[in-house]
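Please read through the structure below; I'll follow up with questions.
This chain uses plain numbering: 1 for the first residue, then up along the sequence. Nothing here was measured: the structure is a model prediction, and the numbers come from that model.
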Amino acid sequence: MPYLIDAPRRVTVFVLAVAFGGVLAAASPVETSGQPTIYVTDADKGHIVAVSGDGAKKKVIVPGVQYVADLELDAADGRMYWTDINGGTVYRARTDGSEVEILWAGETNSFPAGIALDLQQGHVYWVNDDISTGRITRTNLDGTGLETFLDGLSNVNAIAVDPAAGHVYWSAQGAGNTAINRTNMDGSGTTELVLVDGGGIDDIAVDPAGGKMYMTVAGSNDRLVRANLDGSGLEDLTTSPDPQGITLDLPNGKVYWTDEDRQLFLRANLDGSTVEELGFTGVAGQGIDLDETTGKVYFGVSGTDFYIRRANSDGSQREDVLVGVGSPYAVATDIDGGWIYWTSSGFGPNALWRAPIDGSSQPERLKSSLRSPEGIALDLTAGKVYWTERFDGTIKRADLDGANEEELLEDLSRPTSLALDLGGGKMYWVESQSRTIHRAELDGSQSEQLLDGDNSFVPAAIALDLQNGKLYWANDSQGSAQIGRASLDGSGREDVVTDPGFSEPAGIALDIQRGKVYWSSDEIGNSKLLRANLDGSSIEEIIPNGLGDPGQLTIDTQNELVVGLDATAAYLGFQLHQNYPNPFSDETTLLFEIDEAANVTIEVFDLLGRRMGALVDALYAPGQHSVVFDAGPGGTYADGVYIVRMRVGDRNTSRLATRLRAR
C-alpha cells in the first residue's frame, strides 16, 4: 500500500529551495506547524485515501470500483447509488461520475449485494450476506442514520421497495429455489410470498401501479419471471442465459436486464415479448437502472476492468461515467497542476492513471493494457511521467497525458521502485529479483549498478536526499538493518535504522525540510507508518496499525495541510489477498493472514451466492498462510467468476477469482 505524504507549506523562516524530482532541497531543516497529509493507496479496496499525519482522519479521494453488485438511480437529484460486492462498500455519486461518496464501508460482514431507494422517506436499503447472519441495512440517502433493518437472515441477495404501500421485498435462496419475502417498512410483518425454483434471484423490480414484481432467475433454469405483488400468478416471461440486474421503463412498457453470459443488456415488452439485444456491456455486474427523464440506462461492468457505464435506452451512445482503478500501487503528485498520478497492478486493470488531487472528478486512464506497472516518478520540468514494468523488465516514460511513450531500458531484473535526480540528470531504480540498485541517465543511457544484493540486502524501495547527496533504501530482509543509506554513487553504505520493533519495510520517503525519513512496515497483521530523524534516531509510529497491505511511499513538502477530512476509510484487521494467477486454468494460490490464533474458514461461492466448496476449515496460528484453490478438470467449477470468502469469527472478507481455461 504506497503512500504519498503532503506536508504543510507554512514555515517559521524563509527558506530558498529548489524542487528536484519531488524532493525539496533546502538550506537546512526548519520547523513547521501542523500534521502532514499522507496519500495512501489501498490495493485491497482499490482506493487512494488521504490520511492526516496523526492517522485520526481519513478521506477517500479516488474510489475503487471492483464489482458493481446492484445500482439504483435518483433521477430527480441526479445521483446513482451502488454496492461494491468485492470492496465491501456502498457508494453514491452524481450520474456524470463526479462527487463520489462512500456511504458505508464494512469492517465486518462486508458483502453488500442488492440495493434499493425509498425516495419518499429519503432512505437507501441494501442487503448484506455473510452466509450465517445476513441482514438488510438502511441509512439516510447521505449515509447518516445507519441502522440494521432486518437481521438474522440467510442467503439474501436481491431487494426492492414499494414506498407507497410501505413494503420491502427481498429474496432468500434455499435448496434449489428462492423465496420472495415481504416486510413492512418498520421491519414488522415478514411474509413469504412465493417460491421460485430453478436458481437464485439476482434482482427484483416492482411495478406498484400494475401490481407486479419482476425478477431475474439464474441457475439451472435461467429466465425472467413476474408475479403479482402478493406472490400469486407466477409466470415465466422469457429465457436468457445468466440474467443479472433488472429495471422497468413503465411509461414505455419495457423491462431491461443484463445478460452476463453473453455480455449484453437487453429489453423486452413487460409481457416478455419482442426481445431486443441492445449492446455489449463487457462483463456485466448485477446492477442496471433507467433514468426515464433522460432516457439513459446505467449498468455495472466488471471483469478485468471495472466501470459504471451508460447508454441510450436503444443501446446507442455507450459511455463510461465512472472508471474503476483496480489495485493502486505507487503514487506521485503534480501539485501545481493539481494532479495525482498512480500505477495499478494486480487485481483489475494494469494501467497508469491520473486524477485531480482534490478528488473532484473521476480518474483518467493514461495508459492501458500494461502488464505490471509499479514504480512511478514525475519530471515536471520536461512534462514526463516515468514508470517501471516489473514483469516486462522495462522502464518507460511518456508525456504527462500519456502520449509519446518511450521504452528507456529493457531486460531488467524485475524493476520496482523508481526515483529521479533531475538536477543531476539521473534516474535510480530497484531490481527486485537480483536485489540490486541501479542508476542511469534520464534517457536510459550509461546504466550502472550501484549496490549489490545478498541475503541481508533486499531493497524494497528507494528515496533520494539530493541536498546531502544520499541514497536511502528500505531493506525488506529479516535480521538486518531496515533503513540504510549510501552516497549517490553507492559508496559509503551505512545502517540508519535497525530497531527490532518493526519488520518488512515496503516503502520509504524523505522530508529533507524537517530532517525526517518516513517508511511503511508491511509486517503481517501489524502494518505501520513510521518516521525518524534522517540519522535514524527518534523513531515514531505515525499510524500504528490497520494499514492492510502497505507499499511504496513518496513525499511532497509543498502543499498545505489538508484539514476537515472524514473518517470514511475502513481497514480490516485480517487479510485475504488476491489469488495468483488470476484468471487461472486449474489451480491458483491465495495468501491470507490473521492477527491471532483462530479457526479460519475459506469457501467458494458462485455469483448467485451458492456454496461450491470449502478450501479451508481449520485452526491457524497468527501470521501469513497460503491455500491452493484446485478447480480440477471436473465439472464443479465451470469457467466464470467465483467469490472466495474467508471467515474468522464474526469477521469476513472476500475476493473474486476467475477461472478461464484455454480453448
| request: Say whether W104 and T89, considering side chains only, have a donor N or O and an acceptor N or O under 3.5 Å apart. | output: no
| request: Determine yes or no for a side-chain-to-main-chain donor-acceptor pair under 3.5 angstrom, with T258 supplying the side chain and G245 the backbone. | output: yes
| Salt bridge check: are K254 and E276 linked by an N-O gap of less than 4.0 Å? | yes
Going by atom type alone, with no hydrogens or angles, which donor-acceptor pairs under 3.5 Å involve a side-chain atom of residues 112-124 and a protein atom two or more places apart or on another chain?
{"residue": "D118", "atom": "OD1", "partner": "Q120", "partner atom": "N", "Å": "3.1"}
{"residue": "D118", "atom": "OD1", "partner": "Q121", "partner atom": "N", "Å": "3.2"}

| What pair of heavy atoms forms the shortest contact from L103 to G143, and how long is it? | CD2-N, 3.8 Å
| Side-chain donor/acceptor of T216 to backbone N/O of D203, under 3.5 Å | yes
| request: Nearest 0.5 Å please: distance from the CD atom of E72 over to the OG1 atom of T83. | output: 9.5 Å
| field | Under 3.5 Å donor-acceptor, R645 side chain and T601 backbone | value | no
| note | Shortest non-hydrogen pair, A160 vs I204, comes out as CB-O, 3.7 Å
| query | Do the ring centers of Y637 and Y642 come within less than 6.0 Å of each other? | reply | yes
| query | Can you check whether T239 reaches D222 side chain to side chain, under 4.5 Å on heavy atoms? | reply | no
| query | Just by modelled atom types, is the A158 backbone N or O under 3.5 Å from a matching donor or acceptor in the S171 side chain? | reply | yes
| task | Give, for atom CG of N599 and atom OH of Y620, the distance between the pair rounded to the nearest 0.5 Å. | result | 9.5 Å
| Between D291 and T294: side-chain donor-acceptor atoms closer than 3.5 Å | yes
| Counting only N and O atoms by type, is there a donor-acceptor contact under 3.5 Å from the side chain of R267 to the main-chain atoms of T274? | no
| said: Consider side chain to side chain contact (heavy atoms under 4.5 Å, CB included). Of I246, N157, V217, which one does D202 pass it with? | reply: N157
| field | Any R659 side-chain heavy atom under 4.5 Å of F584 side chain | value | yes
| task | Grab the two heavy atoms, one from A351 and one from S368, that are nearest each other, plus how far apart they are. | result | CB-CA, 4.5 Å
| query | In Å, rounded to the nearest 0.5 Å, how long is the span from CG of N228 to NZ of K212? | reply | 4.0 Å
| task | Might you point out which heavy atoms bring A355 and P363 nearest each other, and give the distance in Å? | result | CB-CA, 3.9 Å
| request: Would you indicate whether the side-chain heavy atoms of I288 and L71 approach each other to under 4.5 Å? | output: no
| Has the side chain of N269 got a donor or acceptor atom that lies under 3.5 Å from a matching backbone atom of D271? | no
| Is there a side-chain contact between Y169 and V161, using heavy atoms and a 4.5 Å cut-off? | no
| Worked verdict on L73 versus T95 for side-chain contact (heavy atoms from CB on, under 4.5 Å) | CA-CA 8 Å; L73 296 175; T95 51; 4.1 Å; yes
| For G210, does its backbone N or O pair with a side-chain atom of D207 as donor and acceptor, under 3.5 Å? | yes
| request: Begin from the C-alpha positions of T589 and V627 and carry the test side-chain contact (heavy atoms from CB on, under 4.5 Å) through to its verdict. | output: CA-CA 6 Å; T589 300; V627 60; over 6 Å; no
| Interatomic distance, W170 atom CH2 to I159 atom CD1 [nearest 0.5 angstrom] | 9.5 Å
| query | So how far is it from L150 CG to R138 CZ, rounded to the nearest 0.5 Å? | reply | 9.0 Å
| Between R79 and E101, is there a salt bridge with N-O shorter than 4.0 Å? | yes
| If you look at every heavy atom in E292 and L248, which pair is closest and at what distance? | OE2-O, 3.8 Å
| said: Determine whether I136 and V156 satisfy the following criterion, side-chain contact (heavy atoms from CB on, under 4.5 Å), listing intermediate values before the conclusion. | reply: CA-CA 8 Å; I136 297 173; V156 289; 5.6 Å; no
| Does R135 make a cation-pi contact with F149, if we ask for NZ or CZ under 6.0 Å from the ring centre and within 45° of the axis? | no
| remark: Here the pair of heavy atoms bringing L229 nearest to M213 is O-CE, 3.7 Å
| Min side-chain heavy-atom separation Y214-L224 under 4.5 Å | no
| task | Check whether the side chains of S240 and D259 place a donor and an acceptor atom closer than 3.5 Å, and report yes or no. | result | yes
Return a table of donor-acceptor pairs under 3.5 angstrom between the side chains of residues 187-196 and protein atoms on other chains or two or more places apart.
{"residue": "S188", "atom": "OG", "partner": "N184", "partner atom": "ND2", "Å": "3.3"}
{"residue": "S188", "atom": "OG", "partner": "D186", "partner atom": "OD1", "Å": "2.6"}
{"residue": "S188", "atom": "OG", "partner": "D186", "partner atom": "OD2", "Å": "3.4"}
{"residue": "T190", "atom": "OG1", "partner": "T183", "partner atom": "OG1", "Å": "3.1"}
{"residue": "T191", "atom": "OG1", "partner": "G189", "partner atom": "O", "Å": "3.4"}

| With a 4.5 Å limit on heavy-atom distance, are the side chains of E319 and K296 in contact? | yes
| field | T238 backbone acceptor or donor facing D236 side chain under 3.5 Å | value | no
| request: May I have the step-by-step check of side-chain contact (heavy atoms from CB on, under 4.5 Å) for I308 and V68, ending in yes or no? | output: CA-CA 8 Å; I308 293 177; V68 180; 4.0 Å; yes
| Heavy-atom side-chain contact between L266 and L278 under 4.5 Å | no
| task | Verify, without hydrogens or angle tests, whether Y256 (side chain) and S313 (backbone) share a donor-acceptor contact under 3.5 angstrom. | result | yes
| Side chain to side chain, I602 and L590, heavy atoms closer than 4.5 Å | no
| message | Rounded at 0.5 Å granularity, tell me how far CD in Q173 sits from CZ in R611. | response | 13.5 Å
| Backbone N/O of D142 and side chain of N140: donor-acceptor pair under 3.5 Å | no
